[in-house]
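Have a look at the structure below, then the notes.
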Amino acid sequence: MKQWLNQHSRALLLILERMRRNWPSTLMMACVMGVTLCLPGILYVVVDSLDRLAGNIQGEPQISLFLKLELEPKTISEIKRRLTQHPEIKNYQFVSKEKAWQQLKHDKNGADMLASLEQNPLPDAFLLQPKAQTPEKVEKLQKELQQWPGVELALVDASWIKRLHAVLELGNKAIMVLAALLSFALVAIIGNTIRLQILTQLEEIEVSRLIGATNAFIRRPFLYAGVFYGLWGGLVAWLILVSIISLFNYSVADIAELYSSQFRLNLPSWRIGLVLIVSAISLGWLGSYIAVQRSLFNQK
Amino acid sequence: MIRFDQVSKRYPGSDEILRKVSFIIAPGERVFVTGHSGAGKSTLLKLMAAIERPTSGTVLIGNQNTSQLRPAAVPFLRRKFGLIFQDHKLLYDRNCFDNVALPLYINGVVGANAAKRIRAALDKVGLLNKEKAMPITLSGGEQQRLAIARAVVNRPAILIADEPTGNLDENYAAEIMALFQAFQQVGVTVIIATHSVLDAAASRCKRLKLDHGQLICEMPESDQTKADTDITPELPA
Ligand SMILES: Nc1ncnc2c1ncn2[C@@H]1O[C@H](COP(=O)(O)OP(=O)(O)OP(=O)(O)O)[C@@H](O)[C@H]1O
Ligand SMILES: [Mg+2]
């Protein structure tokens with residue numbers, strides 16, 4: 001156990017010392033990894049922020065219920081009764097065709113248009129807020145209302161939100177694909193760096209083998225190197241991400257105020273940072289493991 | 001115990017380098033392997049440390065057959081040996097201290113304990129004042145002694161030295177031989193390949209003489225008269 005600890009601490013110190021001595025190339029490597037890793041990070045933050053924005057708006061989906069023309073008042077009051085009793089409906093508001101006509105006339109654009117019309121073409125309508133928030137439930141309600149007698153058309157006016165959600169979903173998938181591609185690239189980059197380091201140490205490796213080093217002993221410093229490259233890369237990525245977002249929020253603050261919007265990019269949570277760093281470390285480990293395995297143990 | 005039984009060795013594409021070699025080396029023995037250049041001395045030593053495997057026959061170290069060893073067990077077998085290579089195999093990117101430290105690190109010995117043992121080993125070969133020097137700045141003989149320090153630092157049970165005195169003047173050669181003898185006296189098995197002059201003390205030891213891959217004589221320690229007649233013509237080589 002003590003021996004095991006000794007071997008690990010020695011490999012660790014050895015690698016840290018080597019990285020300190022070659023700090024320019026270490027820094028370079030960390031920057032390459034940092035820039036690569038922060039790309040999916042930025043995309044994630046943007047999608048996440050839009051997602052929250054969409055979440056706020058989506059709070060109030062509305063269904064417009066246009067009735068058939070020439071309905072009996074009895075049918076209208078029947079619909080009213082059913083709306084009142086319906087468990088899925090928060091509140092509703094009746095807009096008679098006369099009221100809609102008046103409103104349209106007050107609107108400047110509408111007035112021009114209506115001037116050519118002799119009589120009111122508008123139907124009676126209900127505007128209602130469903131209790132349900134998710135697009136699926138609202139859609140279900142809309143389909144149900146569509147079946148009611150006397151209803152000409154039930155219209156969900158929040159279908160653009162659905163579209164936004166679809167786009168955000170796509171964004172999430174894009175993040176996955178991007179992250180996978182970049183991970184692949186990182187494994188290759190780290191693998192190559194480690195391979196070059198192995199080439200400069202073939203002699204030490206050969207001698208170590210001859211005097212009884214295990215494969216684990218030979219592999220260990222290189223694996224630590226990969227892990228540390230990952231760690232530095234992850235930290236740099238985090239730094240870049242936080243600076244970019246702060247900078248963006250700083251410059252967007254004025255514009256957002258102008259539009260009385262609260263839009264901000266959300267600073268990623270520490271959990272995202274952890275994920276970033278842990279995945280960077282794992283990629284570093286994987287890259288160096290593959291490199292060591294390929295250049296040391298396959299050539300025999 | 002090291003036991004060779006009808007061992008033949010052939011490198012890929014080469015002739016038979018060793019032909020049906022059989023012998024036993026008991027623990028604590030001091031053995032010289034002699035023979036002309038290219039006779040197969042280094043090959044014989046490599047077979048012991050499982051650096052090479054026999055083409056046929058068996059090599060037993062203790063009771064382990066090197067041909068049947070799992071790859072994962074090989075490093076642990078090699079740690080029983082202190083190896084001095086004919087070409088030293090020093091690492092020129094680090095100083096003497098770190099060169100000698102390598103076997104200890106491999107065994108997980110670090111820190112003050114390691115430093116103490118490294119200095120003791122360097123002291124034994126007279127290089128204590130060169131601890132910070134790089135091997136490339138050492139003379140040929142000093143490099144050879146550094147290689148010896150690295151081989152003994154881990155207190156191996158078996159010391160295998162391939163031409164350990166090749167670059168040394170007589171005084172140092174005698175000193176190194178005395179050092180090996182001292183190791184033998186504390187129970188270490190010592191196996192030395194050499195073609196340099198053997199002194200009186202050494203001539204009492206067992207000798208494995210190779211000629212074109214064949215073991216032509218193996219002298220028991222007691223058989224002194226035979227030893228003298230057999231070895232004398234070979235001395236100038
Ligand atoms: N890896 C190898 N591949 C092919 N042939 C080899 C290899 N190593 C040694 N040989 C051959 O085996 C023969 C014996 O070599 P070896 O190194 O055992 O001789 P030696 O007795 O140690 O000689 P010297 O006293 O010069 O060191 C030589 O003819 C050499 O060419
Ligand atoms: Mg040789």
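In this text, all values refer to a predicted model and were calculated from it rather than measured experimentally. Lettering of chains follows the sequences in order, A, B, ..., and the numbering in each one begins at 1.
- Contact between A:Gly212 and B:Ile106 at its shortest, heavy atoms only, is O-CG2, 3.4 Å.
- Within a 6.0 Å sphere centred on CG of B:Asp87, other residues, nucleotides and ligands contribute more than 12 heavy atoms.
- Summarising the local packing, CG of B:Asn63 is surrounded by 12 or fewer heavy atoms from other residues, nucleotides or ligands at distances under 6.0 Å.
- Residue A:Met28 qualifies as open at atom CE: its count of foreign heavy atoms under 6.0 Å is 12 or below.
- The two residues A:Glu204 and B:Leu102 come nearest to each other via the heavy atoms OE2-CD1, 4.5 Å.
- Most heavy-atom pairs under 4.5 Å with chain A: of the set B:Val74, B:Val109, B:Asn107, B:Ile51, this distinction falls to B:Asn107.
- A:Gln201 does not touch chain B: none of its heavy atoms, backbone or side chain, sits under 4.5 Å away.
- The minimum heavy-atom distance between A:Arg10 and B:Val110, with the atom names listed, is CD-CG1, 4.0 Å.
- For B:Arg79, the CZ atom counts as densely surrounded, since its 6.0 Å shell holds more than 12 non-hydrogen atoms of other residues, nucleotides or ligands.
- Among A:Leu210, A:Ile211, A:Val207, the residue with the largest count of heavy-atom pairs under 4.5 Å with chain B is A:Leu210.
- Within 6.0 Å of atom CZ in B:Arg155, 12 or fewer heavy atoms from other residues, nucleotides or ligands are found, so the atom counts as exposed in its surroundings.
- Of the residues considered (B:Phe85, B:Phe81, B:Tyr92), B:Phe85 shows the highest number of contacts with chain A, using heavy-atom pairs under 4.5 Å.
- Here the shortest heavy-atom pairing between A:Phe217 and B:Tyr105 reads CE1-O, 3.5 Å.
- The minimum heavy-atom distance between B:Leu90 and A:Glu203, with the atom names listed, is O-OE2, 3.9 Å.
- The minimum heavy-atom distance linking A:Arg209 with B:Arg78 is given by the pair O-NH1, 2.9 Å.
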